[in-house]
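The sequence lines fix the lettering, A, B, ..., with proteins before strands; numbering per chain opens at 1.
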Protein chains: 2
Amino acid sequence: MTSSKIEILAKAAECFMEQGFHATSIDDVARRLGSTKGRIYHHYASKTDLFFEVHREGMARLFAAVEPACAVDGDALTVLRAMLRAHARAMLDNHTFENVVAQGVQLHRFGLGPTTDPQRRTLSELIASRDAFEGLFKRQAAAARQAGLLAELDISIAVKTMLGALQWSLFWYRPEADRSPEARDVLAEQMVTTIIEGLRPRAMG
Amino acid sequence: MTSSKIEILAKAAECFMEQGFHATSIDDVARRLGSTKGRIYHHYASKTDLFFEVHREGMARLFAAVEPACAVDGDALTVLRAMLRAHARAMLDNHTFENVVAQGVQLHRFGLGPTTDPQRRTLSELIASRDAFEGLFKRQAAAARQAGLLAELDISIAVKTMLGALQWSLFWYRPEADRSPEARDVLAEQMVTTIIEGLRPRAMG
DNA sequence: GTCTATATGGTGATAGAC
DNA sequence: GTCTATCACCATATAGAC
């Protein structure tokens, strides 16, 4: 990917996050790039394609963050915890792109309106990729539960609840408020601890 | 509020949830009502005003569900749990309206674009109301923690994480899939248990 | 109270200069 | 590879009939 295309993606992600897909005009993105829309249409065939590329990049970053955590040493719960931490951290680090991913999921849920067949296929692939991502956590949670390391919960609901807790940071996290990498680590750890340990105090650590 | 206005609000909420504020045209809402936009503009001055009324109704339903739970008998953690359960249940019951509330928060976060001063004031009030709602949980969590019933967590982060876990149901819950009130009770209870107890098993119930 | 026009402005996408 | 100019379309909102 050329640096020009990446730059366009990043600015487009900002616009899509702030205004949403429909309210973002190609002129908005061009204005933020300091250019005109000719530049954008040279690299991307349509606004929809541009949006999907942002979505794809957001999913790629999630996998890149979580997959290494799947391979850490330790029992099944330790691995799950590492995965959640990586996910939390990735949501904070890639706040803009992941906001667009969430929008893409909604777009798919309710139908995308007038789009071409290839575009529909692309979106379906992206959604399948998201399901696979959630599947990583479900599988790991199931393994942890089988090892007796997890409470007896409905795995599907528990995973949706856990991931939701992390993903809701899309709505309240403000990356612009001078967040150092260390501060993001602390924040991610606090969220994950809340999820894993729950609200009630433990008799023994 | 006349029944005509309520009917318009309900259909508008559906459209706003499915397509988002900007992608929803007044003609879309009118089509879903089986009428024309003349009817809508007779009751609401603008699309923005219509959106805000949906948002307001969504917040009203949240308060109506959670405030009674604030007054239940029991220790501070029992009350908190009742509040979370009521909130979870309300998110499922009012899925459509609460989706619009979440959109309204985003609209406020990034600026609403070209709107009138009264509209900006209305949105600010709605956001203040949402902050007050979150405050109910923060205050209760602080009380529970002071009573030694809560783990030593950052209250603000823990509350955001808890509420996020429940609110993320906006993205995956499908109310159309024949959900009885009992099924929603079970689902709400599963989510709340996951939050309160955490993922790790407890030595003693 | 609801409908049928219609005025007005903005948007996605293209064509062709440079 | 980027810009300017332009077309065709759609949406908000209003005016006025009924």
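Within the nucleic acid shown, S35(A) comes within 4.0 Å of sugar-phosphate atoms alone, with no base atom in reach, counting heavy atoms only.
Annotation: cation-pi pair K160(B)/F171(A) absent, no NZ/CZ under 6.0 Å from the ring centroid and within 45° of its normal.
Atom C1' of nucleotide dT4(C) and atom CZ of R39(B) are separated by 17 Å, given to the nearest angstrom.
Protein chain B contacts DNA chain D from dA11(D) to dT14(D), reading 5' to 3' and using non-hydrogen atoms of the protein with a distance under 4.0 Å.
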Donor-acceptor contacts under 3.5 Å from residues 66-75 of chain A side chains, at least two apart:
| unit_1 | atom_1 | unit_2 | atom_2 | d |
| --- | --- | --- | --- | --- |
| D75(A) | OD1 | L77(A) | N | 3.0 |
| D75(A) | OD1 | T78(A) | N | 2.7 |
| D75(A) | OD1 | T78(A) | OG1 | 2.8 |

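Not a single side-chain hydrogen bond (donor to acceptor under 3.5 Å, both in side chains) links S156(B) to another residue, sequence neighbours left out. For R130(B), the side-chain hydrogen bond (donor to acceptor under 3.5 Å, both in side chains) criterion is met by Q167(B), not counting sequence neighbours. Not counting sequence neighbours, the partners of K37(B) by the salt bridge (charged side-chain N to carboxylate O under 4.0 Å, His left out) test are D27(B). Shown here are the side-chain hydrogen bond (donor to acceptor under 3.5 Å, both in side chains) partners of D117(B), two or more places apart in sequence or in another chain: R120(B). Contacts of R32(A) classified as salt bridge (charged side-chain N to carboxylate O under 4.0 Å, His left out), with partners at least two apart in sequence or in another chain: E14(A), E18(A).
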Check nucleotides 12-14 of chain C for protein N or O atoms closer than 3.5 Å to its own N or O atoms and list the pairs.
| unit_1 | atom_1 | unit_2 | atom_2 | d |
| --- | --- | --- | --- | --- |
| dG12(C) | OP1 | T24(A) | O | 3.3 |
| dG12(C) | OP1 | K47(A) | NZ | 2.8 |
| dG12(C) | OP2 | I26(A) | N | 2.9 |
| dA13(C) | OP2 | Y41(A) | OH | 3.0 |
| dA13(C) | OP2 | K47(A) | N | 2.9 |
| dA13(C) | N6 | K37(A) | NZ | 2.8 |

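Under the ring-ring contact (aromatic ring centres under 6.0 Å, His included) criterion, the residue pairs touching residues 56-82 of chain B are F63(B)-F133(B), with sequence neighbours excluded.
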